[in-house]
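Counting convention: from 1, in listed order, for ligands and their atoms alike.
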Amino acid sequence: MEDLFDAMRNSIVEGEPEEAERLAREALTRGVDPMEAVRRGFLPGVNQVGEGFGCGDLFLPDLVRAGAAMKAAVRVLEPEMTRRGTAREISGRVVLGTIKGDIHEIGKTLVGTLLTANGFEVHDLGVDVAPELFIQKAQEVGADLIGVSALLTTTMAGQRLVVEAADKAGLRPKVGVMVGGAPVTKEWAAEIGADGFSEDAAGAVALAKRLMDRA
Ligand code: B1M
(Lines give C-alpha, C1' and ligand atoms only; values in the text may rest on other atoms or scores of the structure.)
Protein backbone atom coordinates (compact mmCIF):
# COMPACT_ATOMS: atom_id res chain seq x y z
CA MET A 1 0.00 0.00 0.00
CA GLU A 2 2.93 2.35 0.64
CA ASP A 3 3.65 2.30 -3.13
CA LEU A 4 0.14 3.50 -3.83
CA PHE A 5 0.41 6.31 -1.25
CA ASP A 6 3.80 7.33 -2.71
CA ALA A 7 2.33 7.44 -6.21
CA MET A 8 -0.55 9.57 -4.92
CA ARG A 9 1.85 12.04 -3.32
CA ASN A 10 3.82 12.20 -6.57
CA SER A 11 0.74 12.84 -8.69
CA ILE A 12 0.09 15.98 -6.62
CA VAL A 13 3.71 17.13 -6.58
CA GLU A 14 3.92 16.64 -10.36
CA GLY A 15 0.51 18.27 -10.77
CA GLU A 16 -1.12 15.47 -12.77
CA PRO A 17 -4.94 15.49 -12.36
CA GLU A 18 -5.51 12.46 -14.59
CA GLU A 19 -2.98 10.37 -12.68
CA ALA A 20 -4.40 11.53 -9.33
CA GLU A 21 -7.87 10.56 -10.52
CA ARG A 22 -6.65 7.15 -11.71
CA LEU A 23 -4.93 6.49 -8.37
CA ALA A 24 -8.02 7.54 -6.43
CA ARG A 25 -10.05 5.01 -8.45
CA GLU A 26 -7.42 2.35 -7.85
CA ALA A 27 -7.60 3.03 -4.09
CA LEU A 28 -11.36 2.52 -4.12
CA THR A 29 -11.01 -0.69 -6.13
CA ARG A 30 -8.48 -1.95 -3.60
CA GLY A 31 -10.79 -1.11 -0.69
CA VAL A 32 -8.70 1.71 0.76
CA ASP A 33 -10.63 4.03 3.10
CA PRO A 34 -11.01 7.28 1.08
CA MET A 35 -10.03 9.44 4.08
CA GLU A 36 -6.91 7.32 4.50
CA ALA A 37 -6.07 7.92 0.81
CA VAL A 38 -6.38 11.67 1.40
CA ARG A 39 -4.44 11.65 4.68
CA ARG A 40 -1.60 9.31 3.74
CA GLY A 41 -1.48 9.73 -0.03
CA PHE A 42 -2.64 13.03 -1.49
CA LEU A 43 -2.29 15.41 1.47
CA PRO A 44 1.47 14.87 1.96
CA GLY A 45 1.84 15.92 -1.70
CA VAL A 46 -0.19 19.08 -1.16
CA ASN A 47 1.87 19.92 1.92
CA GLN A 48 5.11 19.32 0.03
CA VAL A 49 4.02 21.71 -2.72
CA GLY A 50 2.85 24.25 -0.13
CA GLU A 51 6.24 24.14 1.60
CA GLY A 52 8.10 24.43 -1.73
CA PHE A 53 5.98 27.45 -2.65
CA GLY A 54 6.46 28.98 0.80
CA CYS A 55 10.24 28.86 0.56
CA GLY A 56 10.41 30.00 -3.08
CA ASP A 57 11.43 26.67 -4.70
CA LEU A 58 8.07 26.32 -6.46
CA PHE A 59 5.87 28.88 -8.18
CA LEU A 60 2.21 29.73 -8.72
CA PRO A 61 1.73 27.37 -11.71
CA ASP A 62 2.96 24.51 -9.47
CA LEU A 63 0.37 25.49 -6.86
CA VAL A 64 -2.35 25.67 -9.53
CA ARG A 65 -1.46 22.22 -10.94
CA ALA A 66 -1.26 20.67 -7.46
CA GLY A 67 -4.65 22.17 -6.60
CA ALA A 68 -6.19 20.78 -9.79
CA ALA A 69 -4.75 17.31 -9.09
CA MET A 70 -6.00 17.34 -5.50
CA LYS A 71 -9.44 18.45 -6.64
CA ALA A 72 -9.59 15.64 -9.21
CA ALA A 73 -8.71 13.05 -6.55
CA VAL A 74 -11.23 14.37 -4.01
CA ARG A 75 -13.97 14.38 -6.68
CA VAL A 76 -13.47 10.63 -7.18
CA LEU A 77 -13.28 9.85 -3.44
CA GLU A 78 -16.20 12.02 -2.30
CA PRO A 79 -19.11 9.67 -3.16
CA GLU A 80 -17.48 6.84 -1.23
CA MET A 81 -16.84 9.12 1.78
CA THR A 82 -20.51 10.07 1.73
CA ARG A 83 -21.59 6.44 1.27
CA ARG A 84 -19.57 5.35 4.30
CA GLY A 85 -21.44 7.84 6.50
CA THR A 86 -23.80 5.97 8.74
CA ALA A 87 -26.16 8.64 10.04
CA ARG A 88 -29.68 8.62 8.56
CA GLU A 89 -31.48 11.40 10.39
CA ILE A 90 -30.39 14.97 9.80
CA SER A 91 -27.88 15.88 12.51
CA GLY A 92 -28.16 19.60 11.80
CA ARG A 93 -28.09 22.23 9.05
CA VAL A 94 -24.79 23.86 8.15
CA VAL A 95 -24.08 26.81 5.88
CA LEU A 96 -20.50 26.49 4.71
CA GLY A 97 -18.12 28.52 2.58
CA THR A 98 -14.68 29.99 2.06
CA ILE A 99 -14.52 33.62 3.06
CA LYS A 100 -14.48 36.59 0.67
CA GLY A 101 -11.19 37.18 -1.12
CA ASP A 102 -10.18 33.54 -0.74
CA ILE A 103 -10.60 30.93 -3.47
CA HIS A 104 -9.10 27.89 -1.68
CA GLU A 105 -11.85 25.29 -1.88
CA ILE A 106 -10.40 21.83 -1.28
CA GLY A 107 -10.33 21.80 2.54
CA LYS A 108 -13.75 23.44 2.76
CA THR A 109 -15.17 20.85 0.35
CA LEU A 110 -13.67 18.00 2.39
CA VAL A 111 -15.25 19.42 5.55
CA GLY A 112 -18.60 19.60 3.72
CA THR A 113 -18.29 16.04 2.46
CA LEU A 114 -17.56 14.63 5.91
CA LEU A 115 -20.35 16.65 7.50
CA THR A 116 -22.75 15.29 4.87
CA ALA A 117 -21.46 11.77 5.47
CA ASN A 118 -22.27 12.26 9.15
CA GLY A 119 -25.86 13.27 8.52
CA PHE A 120 -25.59 17.06 8.35
CA GLU A 121 -27.49 18.94 5.67
CA VAL A 122 -24.78 21.11 4.11
CA HIS A 123 -25.43 24.26 2.10
CA ASP A 124 -22.09 24.91 0.44
CA LEU A 125 -21.85 28.51 -0.81
CA GLY A 126 -18.52 27.89 -2.51
CA VAL A 127 -15.56 30.25 -2.33
CA ASP A 128 -15.08 34.01 -2.10
CA VAL A 129 -18.25 34.35 -0.01
CA ALA A 130 -19.17 37.74 1.49
CA PRO A 131 -20.02 37.70 5.24
CA GLU A 132 -23.59 38.88 4.62
CA LEU A 133 -24.21 35.95 2.26
CA PHE A 134 -23.44 33.46 5.07
CA ILE A 135 -26.05 35.25 7.18
CA GLN A 136 -28.68 35.47 4.43
CA LYS A 137 -28.35 31.77 3.64
CA ALA A 138 -28.42 30.79 7.32
CA GLN A 139 -31.68 32.72 7.76
CA GLU A 140 -33.13 31.26 4.55
CA VAL A 141 -32.49 27.60 5.45
CA GLY A 142 -32.83 27.89 9.25
CA ALA A 143 -29.22 26.84 9.81
CA ASP A 144 -27.93 25.51 13.13
CA LEU A 145 -24.32 26.23 12.23
CA ILE A 146 -22.26 28.48 9.98
CA GLY A 147 -18.82 27.18 8.91
CA VAL A 148 -16.24 29.64 7.58
CA SER A 149 -13.01 28.49 5.99
CA ALA A 150 -9.98 30.77 5.40
CA LEU A 151 -6.59 29.72 4.00
CA LEU A 152 -4.86 33.08 3.89
CA THR A 153 -3.67 35.23 6.77
CA THR A 154 -5.06 38.16 4.81
CA THR A 155 -8.60 36.71 4.60
CA MET A 156 -8.88 35.32 8.14
CA ALA A 157 -10.14 38.74 9.26
CA GLY A 158 -13.31 38.01 7.29
CA GLN A 159 -14.17 35.26 9.78
CA ARG A 160 -14.51 37.94 12.45
CA LEU A 161 -16.93 39.82 10.17
CA VAL A 162 -19.13 36.71 9.92
CA VAL A 163 -19.22 36.36 13.72
CA GLU A 164 -20.10 40.04 14.06
CA ALA A 165 -22.76 39.83 11.34
CA ALA A 166 -24.30 36.77 13.01
CA ASP A 167 -24.50 38.69 16.29
CA LYS A 168 -25.96 41.74 14.57
CA ALA A 169 -28.63 39.60 12.87
CA GLY A 170 -29.52 38.07 16.26
CA LEU A 171 -28.60 34.58 15.06
CA ARG A 172 -26.31 33.72 17.94
CA PRO A 173 -26.19 31.96 20.33
CA LYS A 174 -28.78 29.75 18.62
CA VAL A 175 -26.63 29.48 15.48
CA GLY A 176 -23.01 28.54 16.16
CA VAL A 177 -20.15 29.86 14.05
CA MET A 178 -17.26 27.47 13.48
CA VAL A 179 -14.00 28.44 11.80
CA GLY A 180 -11.08 26.58 10.25
CA GLY A 181 -8.36 26.63 7.62
CA ALA A 182 -4.59 26.27 7.66
CA PRO A 183 -3.68 29.58 9.38
CA VAL A 184 -6.59 29.46 11.84
CA THR A 185 -5.85 28.62 15.47
CA LYS A 186 -7.79 28.04 18.66
CA GLU A 187 -6.51 31.39 19.92
CA TRP A 188 -7.79 33.18 16.81
CA ALA A 189 -11.19 31.53 17.15
CA ALA A 190 -11.36 32.68 20.78
CA GLU A 191 -10.19 36.19 19.89
CA ILE A 192 -12.96 36.70 17.31
CA GLY A 193 -15.59 35.08 19.54
CA ALA A 194 -16.29 32.10 17.25
CA ASP A 195 -18.06 29.14 18.84
CA GLY A 196 -15.39 26.66 17.82
CA PHE A 197 -12.39 25.79 15.70
CA SER A 198 -11.03 22.60 14.25
CA GLU A 199 -7.81 21.91 12.40
CA ASP A 200 -9.11 19.18 10.11
CA ALA A 201 -12.25 17.78 8.53
CA ALA A 202 -12.79 14.96 11.04
CA GLY A 203 -12.39 17.47 13.88
CA ALA A 204 -14.96 19.71 12.17
CA VAL A 205 -17.52 16.89 12.36
CA ALA A 206 -16.78 16.31 16.06
CA LEU A 207 -17.05 20.05 16.70
CA ALA A 208 -20.33 20.34 14.78
CA LYS A 209 -21.79 17.49 16.85
CA ARG A 210 -20.61 19.15 20.08
CA LEU A 211 -22.18 22.45 19.07
CA MET A 212 -25.45 20.69 18.23
CA ASP A 213 -25.48 18.98 21.65
CA ARG A 214 -24.97 22.35 23.30
CA ALA A 215 -28.30 23.61 21.91
CO1 B1M B 1 -2.65 28.90 -2.10
N2 B1M B 1 -1.69 29.43 -0.48
N3 B1M B 1 -2.57 30.73 -2.75
N4 B1M B 1 -3.46 28.17 -3.70
N5 B1M B 1 -2.28 27.18 -1.40
C6 B1M B 1 -1.52 28.42 0.57
C7 B1M B 1 -2.70 28.45 1.55
C8 B1M B 1 -0.14 28.86 1.24
C9 B1M B 1 -0.01 28.43 2.71
C10 B1M B 1 1.05 28.35 0.39
C11 B1M B 1 2.38 28.80 0.96
O12 B1M B 1 2.75 29.94 0.81
N13 B1M B 1 3.10 27.92 1.62
C14 B1M B 1 -0.22 30.42 1.04
C15 B1M B 1 -0.89 31.20 2.17
C16 B1M B 1 0.09 31.99 3.01
C17 B1M B 1 -0.64 32.68 4.09
O18 B1M B 1 -1.46 33.53 3.88
N19 B1M B 1 -0.33 32.27 5.31
C20 B1M B 1 -0.99 30.53 -0.26
C21 B1M B 1 -0.96 31.66 -1.12
C22 B1M B 1 0.00 32.77 -0.74
C23 B1M B 1 -1.78 31.76 -2.27
C24 B1M B 1 -1.86 32.94 -3.24
C25 B1M B 1 -1.91 34.34 -2.59
C26 B1M B 1 -0.70 32.81 -4.25
C27 B1M B 1 -0.55 33.96 -5.22
O28 B1M B 1 -1.44 34.24 -5.98
N29 B1M B 1 0.58 34.63 -5.13
C30 B1M B 1 -3.20 32.64 -3.99
C31 B1M B 1 -4.41 33.27 -3.29
C32 B1M B 1 -5.67 33.12 -4.10
C33 B1M B 1 -6.89 33.53 -3.29
O34 B1M B 1 -7.45 32.73 -2.57
N35 B1M B 1 -7.30 34.79 -3.42
C36 B1M B 1 -3.25 31.16 -3.86
C37 B1M B 1 -3.88 30.33 -4.81
C38 B1M B 1 -3.92 28.96 -4.73
C39 B1M B 1 -4.49 28.07 -5.86
C40 B1M B 1 -5.77 28.66 -6.48
C41 B1M B 1 -3.44 27.98 -6.92
C42 B1M B 1 -4.63 26.69 -5.14
C43 B1M B 1 -6.07 26.40 -4.60
C44 B1M B 1 -6.87 25.56 -5.60
C45 B1M B 1 -8.23 25.20 -5.08
O46 B1M B 1 -8.57 25.24 -3.89
N47 B1M B 1 -9.06 24.84 -6.04
C48 B1M B 1 -3.72 26.86 -3.94
C49 B1M B 1 -3.25 25.77 -3.16
C50 B1M B 1 -3.53 24.37 -3.70
C51 B1M B 1 -2.55 25.97 -1.91
C52 B1M B 1 -1.95 24.90 -0.97
C53 B1M B 1 -0.70 24.33 -1.63
C54 B1M B 1 -2.87 23.76 -0.59
C55 B1M B 1 -4.24 24.16 -0.04
C56 B1M B 1 -5.07 22.90 0.08
O57 B1M B 1 -5.93 22.63 -0.76
N58 B1M B 1 -4.76 22.06 1.08
C59 B1M B 1 -1.62 25.76 0.33
C60 B1M B 1 -0.45 25.26 1.13
C61 B1M B 1 -0.89 24.25 2.19
O62 B1M B 1 -1.96 24.35 2.74
N63 B1M B 1 -0.04 23.32 2.50
C64 B1M B 1 -1.67 27.15 -0.19
C65 B1M B 1 -5.40 20.74 1.26
C66 B1M B 1 -6.63 20.87 2.12
C67 B1M B 1 -7.24 19.49 2.34
O68 B1M B 1 -6.23 21.40 3.37
O69 B1M B 1 -7.32 23.64 2.90
O70 B1M B 1 -5.84 23.32 4.95
P71 B1M B 1 -6.82 22.76 3.99
O72 B1M B 1 -8.11 22.27 4.78
C73 B1M B 1 -8.02 21.41 5.91
C74 B1M B 1 -7.94 22.17 7.24
O75 B1M B 1 -7.36 23.46 7.14
C76 B1M B 1 -9.33 22.16 7.76
O77 B1M B 1 -9.84 20.92 7.30
C78 B1M B 1 -9.36 20.69 5.98
C79 B1M B 1 -9.27 19.20 5.74
O80 B1M B 1 -8.45 18.55 6.68
N81 B1M B 1 -10.29 23.19 7.38
C82 B1M B 1 -11.37 23.45 8.17
C83 B1M B 1 -10.38 23.95 6.27
N84 B1M B 1 -11.46 24.71 6.33
C85 B1M B 1 -12.10 24.41 7.47
C86 B1M B 1 -13.29 24.90 8.02
C87 B1M B 1 -13.70 24.39 9.25
C88 B1M B 1 -12.95 23.45 9.93
C89 B1M B 1 -11.78 22.95 9.40
O90 B1M B 1 -14.83 24.78 9.86
C91 B1M B 1 -15.72 25.59 9.14
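Taking 4.5 Å as the limit, every side-chain heavy atom of Thr116 sits out of range of all side-chain heavy atoms of Glu121. Looking only at side-chain heavy atoms (C-beta outward), Asp195 and Arg172 come within less than 4.5 Å of each other. Contact check for Lys71 versus Glu105: side-chain heavy atoms found under the 4.5 Å cut-off.
In terms of polar-atom proximity, defined here as any N/O pair under 3.5 Å, Ser198 makes no such contact with ligand 1. At least one N or O atom of Gly50, backbone or side chain, sits closer than 3.5 Å to an N or O atom of ligand 1. Considering backbone and side-chain N/O of Ala204, none are found under 3.5 Å from N/O of ligand 1. Checking only distances, Glu105 does come within under 3.5 Å of ligand 1, N or O to N or O. Distances between N or O atoms of Ser149 and those of ligand 1 include at least one value under 3.5 Å. Not a single N or O atom of Leu151, backbone or side chain, sits closer than 3.5 Å to an N or O atom of ligand 1. Considering backbone and side-chain N/O atoms, Gly101 comes within less than 3.5 Å of an N/O atom of ligand 1. Backbone and side-chain nitrogen or oxygen atoms of Leu43 are examined, and none is located within less than 3.5 angstrom of a nitrogen or oxygen of ligand 1. Considering backbone and side-chain atoms together, Thr154 places no N or O closer than 3.5 Å to any N or O of ligand 1.
Counting the atoms of ligand 1 from 1 in the order shown, those under 4.0 Å from a heavy atom of Asp102 are 34 (O). Close approach of ligand 1 to Phe53 (heavy-atom distance below 4.0 Å) involves ligand atoms 10 (C), 11 (C), 12 (O), 22 (C), 26 (C). Per-residue contacts place Val64 under 4.0 angstrom from the following atoms of ligand 1 (heavy atoms of the residue considered): 41 (C). The ligand atoms of ligand 1 that sit less than 4.0 angstrom from a heavy atom of Leu60 are 26 (C), 27 (C), 28 (O). Ligand-side atoms of ligand 1 in range of Ala201: 77 (O), 79 (C), 80 (O), range being under 4.0 angstrom from any heavy atom.
At a heavy-atom distance under 4.0 Å, only side-chain atoms of Leu110, from C-beta outward, approach ligand 1.
When every heavy atom of Phe5 is checked against every heavy atom of Glu36, the shortest pair comes out as CE2-O, 4.1 Å. Contact between Val46 and Met70 at its shortest, heavy atoms only, is CG2-SD, 3.4 Å. Nearest approach of Val122 to Gly112, heavy atoms of both residues: CG2-O, 3.8 Å. In terms of heavy atoms, Ala37 sits closest to Leu77 at CB-CD1, 4.2 Å. Counting all heavy atoms, side chain and backbone alike, Ala189 lies closest to Phe197 at CB-CB, 3.5 Å. Heavy-atom minimum distance, Val76 versus Pro79: O-CD, 3.3 Å.
Expressed to the nearest 0.5 Å, how far OG1 of Thr98 lies from CD1 of Ile106 amounts to 10.0 Å. Taking CH2 of Trp188 as the start and OG1 of Thr153 as the end, the distance is 10.5 Å to the nearest 0.5 Å.
In this structure, Arg65 does not pair ionically with Glu14, as no charged nitrogen and carboxylate oxygen lie closer than 4.0 Å. With respect to Arg39 and Asp33, no salt bridge is recorded, no charged nitrogen being found less than 4.0 Å from a carboxylate O. Between Glu164 and Lys168 there is no salt bridge, since no side-chain nitrogen of the basic residue lies less than 4.0 Å from a carboxylate oxygen of the acidic one.
Closest protein heavy atom to atom 76 (C) of ligand 1: Glu199 O, 3.5 Å. Scanning the protein heavy atoms around atom 86 (C) of ligand 1, the nearest turns out to be Gly180 CA, 3.6 Å. Among all protein heavy atoms, the one lying closest to atom 56 (C) of ligand 1 is Val46 CG1, 3.8 Å. Closest to atom 44 (C) of ligand 1 among all protein heavy atoms lies Gly67 CA, 4.2 Å. In terms of protein heavy atoms, atom 3 (N) of ligand 1 is closest to His104 NE2, 3.1 Å. Scanning all protein heavy atoms for the shortest distance to atom 32 (C) of ligand 1 gives Ile103 CG1, 3.8 Å.
The protein reaches atom 36 (C) of ligand 1 closely, with a heavy atom under 4.0 angstrom from it. Under the 4.0 angstrom criterion, atom 39 (C) of ligand 1 counts as lacking any protein heavy-atom contact. Inside a 4.0 Å radius of atom 27 (C) of ligand 1 there is at least one protein heavy atom.
Counting heavy atoms only, Gly107 comes closest to atom 73 (C) of ligand 1 of the residues Gly147, Pro61, Ala189, Gly107. In this structure, of Asp128, Val95, Val49, Leu63, the residue bringing a heavy atom nearest to atom 53 (C) of ligand 1 is Leu63. Compare Leu152, Leu115, Asn47 by their heavy atoms: the one nearest to atom 14 (C) of ligand 1 is in Leu152. Considering only non-hydrogen atoms, atom 81 (N) of ligand 1 lies nearest to Gly181 out of Gly181, Cys55, Ala69.
Asp128 contributes a side-chain N or O that, together with a main-chain N or O of Gly101, makes up a donor-acceptor pair within less than 3.5 Å.
A donor atom on one side chain and an acceptor atom on the other are found under 3.5 Å apart for Glu78 and Thr113.
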